[in-house]
Amino acid sequence: MIRLKNVSKVYQTGLVKTDALKNIDLKIEEGNFVVILGPSGSGKSTMLNMMGALDFPSEGTVEVFGEKLSDYPEKKLVQFRRSHVGFVFQQYNLLQTLTAAENVEIGAHVSKNPYAVSEALEMVGLEDHADKYPYELSGGEQQRVSIARAVVKRPKALFCDEPTGSLDETVAKKVLSVLKKLNEKMDTTVIVITHNPSIAKIADRVIRLNSGVVAEDKKNARPANPEDISFGP
Amino acid sequence: MMVFRHVLRTFASKKATLLLLGIVVMLSSFVFTILYLGASSVETSSEVFFEDYIQEEFVIETTPLITEIERMALAPDCPVVSQTVFQLYHEDKDCFYELLDFRLSLLEDLEDYTLEPRLYKDGEIGGFEKSHRVRVLKDARIMNLTYLDSGALPETENEIAILSHYADHNALSIGDTLDVDGSDYIITGFVLFPDYNLPVFDHPFIFTTSTQTLALMSDAGFDAYERRAGFYYSGLFGVARFTPEDFLEEHADIAPFIHHMSLTENNMRSGAIYAEIEGSYAAAVSISVLIAFIGIVIVGLMMKKTVEQTQRPLGILKALGLKNREMMMPYLVFITVFSFVFLLLGYGIGFYSAPWMRDLYLAFYLLPRGPIPISAFSFIVAFIVPFFILVAMSLVIVFRLLSRDSLTLMNPRIELPRIVRFRSLKRLSKKFPFFLRFQFAFLSRHMLKAFIYALGVFFAVYVSFLSLGMEGVFDDTVHAYYESTEIVSVGYGPTGENNGHTRVIELQGNLGGEGAFVVGLPDGQTIHPLFDEAGESLLGDLEDGIVLSRSFALISGFSVGDNLALRIGGVEETVLVTGIADIHPGEHVFTSREYIGETFFEDPGFHNAVYARVALSEDDFDEVFVIENLLSQVEEINEVMMQMFYVMIGAGLLIGAIIIYLLTVLTVEDHFYNIALFKMIGYHDKEIHKMLLGGYSKLNVLIFLLVIPFSLMTFDLMTTFFAQEYNFVMPLGLDWPHVFLIAILYGMIYMLASRHAKKKINKVSLQAALQIYQV
C-alpha cells in the first residue's frame with residue numbers, strides 16, 4: 001500500500017514560497033492502476049516524486065509498501081528505488097550511446113531477481129529492436145524501451161510522469177496498452193500522471209489534483225481498454 | 001549589458017577551471033618563446049662568430065706513435081728514438097715541429113683543402129681547494145682564430161688569456177695572477193675559440209667551466225710551458241667536399257699516420273651546437289603545438305559546455321528579440337580577453353626568461369653572448385596564430401549553438417553522439433562482466449572524447465617520463481663507468497717502477513673507419529673489469545678479439561661477430577668483435593695489451609700508461625689523471641644540466657597534471673545527465689562512479705602501461721639517433737622509481753579531479769538534471 005498522511009510540500013525560491021502540495025491524505029492499494037489528473041502546477045509530479053522516493057515532503061509522512069520514506073536518509077531511499085519502483089518519464093531518458101537491450105540491462109542490474117532483458121523487451125513488443133540505438137527508434141518505441149527498463153527489475157510499482165506526453169494518439173495508446181498489460185499480468189501497481197482526461201478512462205482509480213489539494217478521487221467501475229479510448233474532446 | 005553580466009557570472013563559476021586552462025594556454029606560448037628565442041639568440045651570435053673567426057670544417061686526427069716512414073724521412077736532421085710524438089716534444093721541439101710539418105705536407109698533397117695544426121697542452125691550475133685544469137691552445141693563424149671577448153691577447157711568456165666563464169665562476173679579473181703548474185701568469189683578457197664551443201664530452205678532458213678553462217698563451221709562452229703537447233689538424237674544404245669514409249679509404253695507405261677524420265657539423269667538439277639549435281627549434285614547435293592543441297581542444301569543450309549550460313536563458317532572450325550578434329558578443333569578448341591575456345603572459349614570460357635559456361646553452365657552448373632577438377616570427381607563432389585559432393574556434397562553436405531558434409534553446413536536446421560501430425569489439429565485450437562491459441561501452445561509443453582524453457594523458461605521462469629519464473644521464477655515462485672499475489688514478493708517460501700498478505695501453509686508433517680510443521688490458525688484471533648487459537664478465541673475450549663500450553657500439557653501429565679493420569700507427573689488422581660492455585665511457589675499444597704490443601709494436605710488453613688503485617704522484621709521470629676530480633666535474637656538469645631538466649620535469653608534470661585534472665572534471669561533468677539517470681534508477685553513488693569513471697580509471701592505467709614500452713622504445717631510438725648522427729651518447733633511461741612516482745602523482749591528481757567533479761555532480765538534483773536534457 002502507498003500511503004500519504006498530511007503531506008505538504010513547500011518549495012522556496014529566494015524569498016518566494018510555493019505550496020506544491022497541501023495536507024494530502026491518500027491511500028493507494030497495491031496492484032491498482034491509478035491516474036492522477038491535473039493541470040500544470042497542480043502538484044502531480046511532486047506527489048509522484050515523493051511516492052517514488054525521489055523527493056521529501058516538507059510535512060507529513062509518506063509510506064510505501066510498509067516503508068516510511070519520509071524518515072529515510074538518501075542512501076535508504078536509493079535502496080528503496082532500487083528494490084521496489086520503476087520510473088517512466090515523458091522524455092524517455094534513455095542513454096543515447098547504449099542499445100535498447102543495454103538500456104534495459106542497466107535497469108535489470110539493480111534487481112536481485114530481474115526478468116531477462118529479452119523477456120522485458122518482448123513484454124513491450126520490441127524484441128526485434130534489441131540492438132538498435134535510441135536514435136534509430138521512433139518516439140513510441142523509445143518510450144517502450146524506457147518502460148522495459150523500468151519493469152525489467154520486477155518493481156512493485158511503476159510511476160509514469162506524462163508517459164504519452166510526447167506521443168501521438170496511436171502510439172500513445174500502444175504505450176498505455178503496455179502499461180495496462182503489465183498491471184494486469186504482473187500485478188504491478190501503476191501510477192500515471194497526466195493532464196489528458198481521456199487517459200483517466202483506463203484507470204481503476206482517478207485522483208484529480210488542483211492547486212496542491214485533492215479535488216476529486218473516484219474509482220472506475222469498468223476501466224476502458226486503451227485501444228478503445230479517444231484523445232479527442 | 002544583461003547578457004554580458006549573465007556570461008560573466010557563468011564564467012565566474014568556473015574560476016578554477018579557467019585558471020588552469022589559462023595556464024595550459026600560457027605554457028604553450030611560453031615554451032615556444034623561451035626555447036625559440038633562447039636558441040635563436042645562440043644561433044645568431046654563433047653563425048657570426050663561426051664565420052668571422054673561421055671555424056674548421058673538419059678535423060684529421062693522427063696517431064701519437066711515430067711511424068716508420070716518418071723516422072726515415074726525419075732521419076737526416078732528427079734521428080728519432082722516441083716512440084711517441086709526446087716524447088719527441090719533450091726531447092726535441094724542433095724535431096717535433098718538423099714531424100708536424102712532414103705530416104702536414106703529406107696530408108696537403110692528398111686533397112684540395114687547407115690544413116693547420118692545432119696544438120694544445122693540458123695542465124693544472126693551482127691555488128684552489130679542488131683540482132682545476134687548463135687546456136692551453138696555441139694561437140692559430142688560418143682558421144679557428146681567437147675571439148677576444150675583453151682585455152688583450154697575451155704577448156709575453158708570463159701572460160695568459162682565459163675563458164670569461166671560468167673567470168666568473170672563480171672571481172678572477174683581468175690583471176689577476178693565475179698559478180698554472182707552479183708558474184704565475186697574468187690574465188690579460190678573456191677569449192673564446194670557434195673550434196672549442198663544446199669541449200664537454202671530449203673525454204678525458206671533460207669540461208666544466210667552474211673548474212676548467214681553455215686558455216691562450218703567446219707562442220713563446222706556449223713553447224716554454226713544459227707540458228705534454230697534443231695536436232690534430234683542422235681543415236677547410238677547397239672546391240670539392242668529401243666524406244671521412246672516402247678520405248680514409250683513399251689515403252690511409254699513403255699517409256698511414258691518419259687515424260680519423262670527422263666533420264665539424266656532426267662532431268661533438270665543434271658541431272653539436274647545430275644539432276642542439278635544430279633540436280631546440282623542433283622541440284619548441286612540437287611541444288608547444290601539442291600543448292596548444294590540447295589547450296585549444298579543452299577551450300573548445302569548455303566554450304561548448306558553457307553555452308549549452310546557459311542556453312535556456314539565452315533562448316528566452318532570443319525570443320524577446322535579441323539578435324545572434326548581441327548574444328555572441330559577450331562570449332567572444334570573454335574568449336578574446338582570456339586568450340589575449342594568457343598568450344601574452346606566456347610570450348612575455350618566455351621573452352624575459354629567454355636569456356636564462358641562452359645562458360644555459362652558453363654554460364656548455366663556449367660562445368659569445370648575443371642579445372635576445374626581437375623576432376616577428378616567434379610573436380606570430382607564439383601569440384598571433386594561437387590567438388586567432390582560439391577566437392575563431394570559439395566563434396564557430398558559439399555561432400553554431402546560438403544560431404538555433406529560441407524554442408530549441410529553451411528546450412535543449414541532447415546531441416546525439418556519432419557512434420562508431422565496432423562489431424567485433426562489441427561481440428568481444430559481451431563476455432565482459434557487467435560493469436566492465438558498460439565502462440567499455442561508454443568509452444568506445446564516445447570515441448572522440450575518449451581519444452582526446454587518452455591523448456592528453458599519454459602526452460602528460462610521456463613528457464614526465466622523458467623529463468625524469470634525462471635525470472643524471474651525463475652523470476651516469478662516466479660515473480657508472482669509473483664506478484665499475486677500481487681505478488683511482490691514471491698515469492701517462494714514463495711508467496717508471498711497476499709498484500704493483502697495472503700497465504696498460506691507451507691509444508687513439510681507428511676501428512672500421514671510426515675514430516676509437518683503444519685500451520689494451522693485460523691478461524689477469526682485475527682493476528678494470530668488463531661486464532656485458534647480463535652481468536657476465538667479458539675479460540675472457542679479450543683473448544679472441546675486441547670488446548666495445550656500449551657507447552661506441554651505439555655510435556658506430558658495430559655489433560658482436562663483426563670483423564673490423566683496426567688501424568694503429570699505420571698498421572692494420574682485422575679483429576673480431578667479441579662483446580659489448582655495458583658502459584658508456586666514450587668511443588672505447590678494449591682488447592688484450594699483449595696482442596696490441598705484439599701486433600702493432602712488435603713488443604708484447606709495450607705499454608704507455610698505468611692504472612693505479614692509489615693516487616699517483618705527478619713527479620713520476622707526464623700527466624696524472626685523478627678519477628675523483630673527473631667525477632666531481634661530471635657531477636658539476638650534471639648539476640647545471642639538471643637545472644634545465646628540472647624546469648622540463650616541472651613543466652611536464654604541471655602540464656600533465658592540469659590536463660588530467662581538466663579532462664577529468666570536464667569528462668565527469670559531461671556525464672552528469674547519465675549520473676542523474678542512474679541515481680533515479682536506484683544505483684548507489686559508488687556504482688555510478690564505477691560505471692562512468694571506472695572506464696576512465698582503466699583507460700588511465702592502460703595508457704600509463706602503454707607509455708612505458710613506448711618510452712623504452714623511443715628512448716632507445718633517441719639514444720641511437722643522437723649517438724649515430726651526432727656522436728653524442730645520452731642513454732635515456734626509464735627508472736622504475738620514476739614510473740612509480742609518476743603513477744602515484746597522476747593517480748592522486750586523477751582522484752582529486754574526479755572527487756571535485758563528483759562533488760559538483762552530487763549538488764545537482766537528479767530531477768533537475770533529467771529535466772534539463774530532453775530527447
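These numbers come from the heavy atoms of this one structure, side chains and all, not from hydrogens, waters or symmetry mates. Just so it is clear: chains get the letters A, B, ... in the order the sequence lines come, proteins before strands, and each one is counted from 1. A quick note: this is a predicted structure, and the numbers were derived from the prediction, not measured.
Side chains of B:Tyr750 and B:Ser697: a donor-acceptor N/O pair is present below 3.5 angstrom, by distance only. At a cut-off of 3.5 Å, with distance as the only test, a side-chain donor of A:Glu67 or A:His84 sits close to an acceptor on the other residue.
With a threshold of 4.5 angstrom between heavy atoms, A:Lys75 approaches chain B through N, CA, C or O but not through any side-chain atom. Contact of B:Phe438 with chain A is made through the side chain alone, with heavy-atom distances under 4.5 Å.
Checked for salt-bridge contact, A:Lys181 and A:Glu122 miss the test: no charged N lies under 4.0 Å from a carboxylate O.
Across all their heavy atoms, A:Glu127 and A:Gly125 have their closest contact at OE1-C, 3.3 Å.
The candidate from A:Ile106, A:Val78, A:Val110 with the greatest count of non-hydrogen atom pairs under 4.5 Å with chain B is A:Ile106.
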